[in-house]
Amino acid sequence: MADAHLQLVNLRKTFGEDVAVDHVDMAIERGSFTCLLGPSGCGKTTTLRMIAGFVDPDDGDVLIGGVSQIGRSAHRRPTSIVFQDYALFPHMTVEDNVAYGLRTAKIDKETVERRTRETLELMGLEGLAKRYPRQLSGGQQQRTALARSVVTEPEVLLMDEPLSNLDAKLRARLRTDLRALQQRLGITTLYVTHDQEEALAMGDAVAVMFDGRIEQSGTPHELYYEPETPFVADFIGMNNFIPCEMRKFAEGQIVVELADHQRLEFDGARISGGDVSEGEETALVIRPEALSVDVDGSATAGAEIQGSLIGSQFLGPLRRHWVKVAGTEVVIDEYDPDLEPIAEPDDPVRVRLPTNSITIMKGGAEKATRGDPALRT
Ligand SMILES: Nc1ncnc2c1ncn2[C@@H]1O[C@H](COP(=O)(O)OP(=O)(O)OP(=O)(O)O)[C@@H](O)[C@H]1O
C-alpha cells in the first residue's frame, strides 16, 4: 500500500487455549475509514485493544507511521478510542468530559479552552456544554464521546461499535454524520462493527474477520460482488448457495450438475477460492436480486433451472419468492412494484441465472449443506 499509516503485522493473541487473534496482517491507508467486520467473538475488540495498548500481543507488531508501538503504554500511543458504552464521566459536564484528555496532558489553560471550544463547535455540542451525560440523548452522548476522543488530535481513531446502543433510525443517520466528520478531520480510523450494512455504508475499506483471522479485505463493492470465501459470501448481504457437482471445467465451457441431475452450462463464470476440478462438489453462489423467476420460462441468455414455487411475499419495493431447486430453497427478489404473484405454491417454475452474476465457490458445498437454516429444506 502506498501510504499505510496503521499497520498490523502478524498480530496474534491467545487467552489460555483460545486463539482470539490469529496472525492478523492489515495495512490501513492514511486518512481512510476502515471497518473491521465480523460476528461476535471473532477477535475484533481484542485487535482494537492491541492497537490501543490495552492488551499486549503474544506476537507481531503494531506500526503507526512506521513506528512500532509495542512496549508503549496506551496513553503514550497516538491513538484514541471510542467505546460502545461511551464511558463518559457521569459527574463531569460535556465540556469537562471533552477537556479531560487535554488537562491530563498538562497543556496550558488557554489552549485547553480554545481546543475544547473548537471541538464542541465542530460536533454541534456548544449549546450542551454545561450539561451532564445523564441529561443527554444517546446520540448526544455519542457525539460527546467522539469529541473527547478527537480533541487530543490523535493520529489514529479507534471505534468499537460506537453506534450499537442507539435505535435503528438514529444509527443510520449518525453513520453519515460520523463519516462526514472523519473526512473533515482526515483522521485515520479503524471502526469495529458486527453489522455488515454499517460496514458497507461507511467503510472506504472493510476487513472481514472470522475466527481470529482476516478472511478478506477490500472495498465494500469488492466484498459484495467478489467474495473470495464461503464465509464472506454468506456474511455480506444475502446469498444463495446451490450445491452442485463440477462436470466439465474448461476454458469457455463449464458444466455443473445439480442434486436432481439437472445440468447447467455456462461459457464462463467467476470461480472463487481456487480451481474446481471435474467431479468436485461445489456450489453456485448467486444473489437473490440477480435471479428471476418465470412460470412460462421463455428462454433468455444465461442458464435456466427448473424448480417449484414454495411461496411469495410482497415486501414493498420488492416481491420475494422462495423456490425449491434440486432440494435447496432458493430466494429470489424481484424489484418490480407491479409484480403480481407469479404462481401458486407447488407450481413448477423456471429460474434464470444470469451467467455474469454466478460465482462458483470452491468449498461452497459445505456452506450450502450447513447453510442458513432459513434456506434449508
Ligand atoms: N480477557 C479475556 N480473557 C479470556 N478470553 C478473552 C478475553 N478477551 C477476549 N476473549 C476471548 O477472545 C475471543 C475474541 O473476543 P473479542 O472480544 O475480541 O471478539 P469480538 O469480535 O470483539 O466480539 P464482540 O463483537 O462480541 O465484542 C472470544 O472468544 C473471547 O471470549
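Both ligands and their constituent atoms are indexed starting at 1 by order of listing. Please read these numbers as outputs of a predicted model, since none were measured by experiment.
The distance from atom CG of D333 to atom CZ of R320, rounded to the nearest 0.5 Å, is 4.0 Å. Rounding to the nearest 0.5 Å gives a distance of 6.5 Å between CD1 of I360 and SG of C244.
The list of side-chain hydrogen bond (donor to acceptor under 3.5 Å, both in side chains) pairs with a residue in residues 38-49, not counting sequence neighbours, reads T45-D160.
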Evaluation steps, side-chain contact (heavy atoms from CB on, under 4.5 Å), between R72 and V67: CA-CA 11 Å; R72 277 196 192 179; V67 178; 3.8 Å; yes

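Hydrophobic clustering, defined by side-chain heavy atoms of Ile, Leu, Val, Met, Phe, Trp and Tyr closer than 4.5 Å, groups F89 together with M92, Y100. Hydrophobic cluster membership of V208, counting Ile, Leu, Val, Met, Phe, Trp and Tyr whose side-chain heavy atoms lie under 4.5 Å apart directly or via other members: L37, L200, V206, F210, L223, Y224, Y225, F231, V232, F235, I236.
Protein residues having at least one heavy atom under 4.0 Å from any atom of ligand 1 are F15, A20, P39, S40, G41, C42, G43, K44, T45, T46, E161, listed by chain and number.
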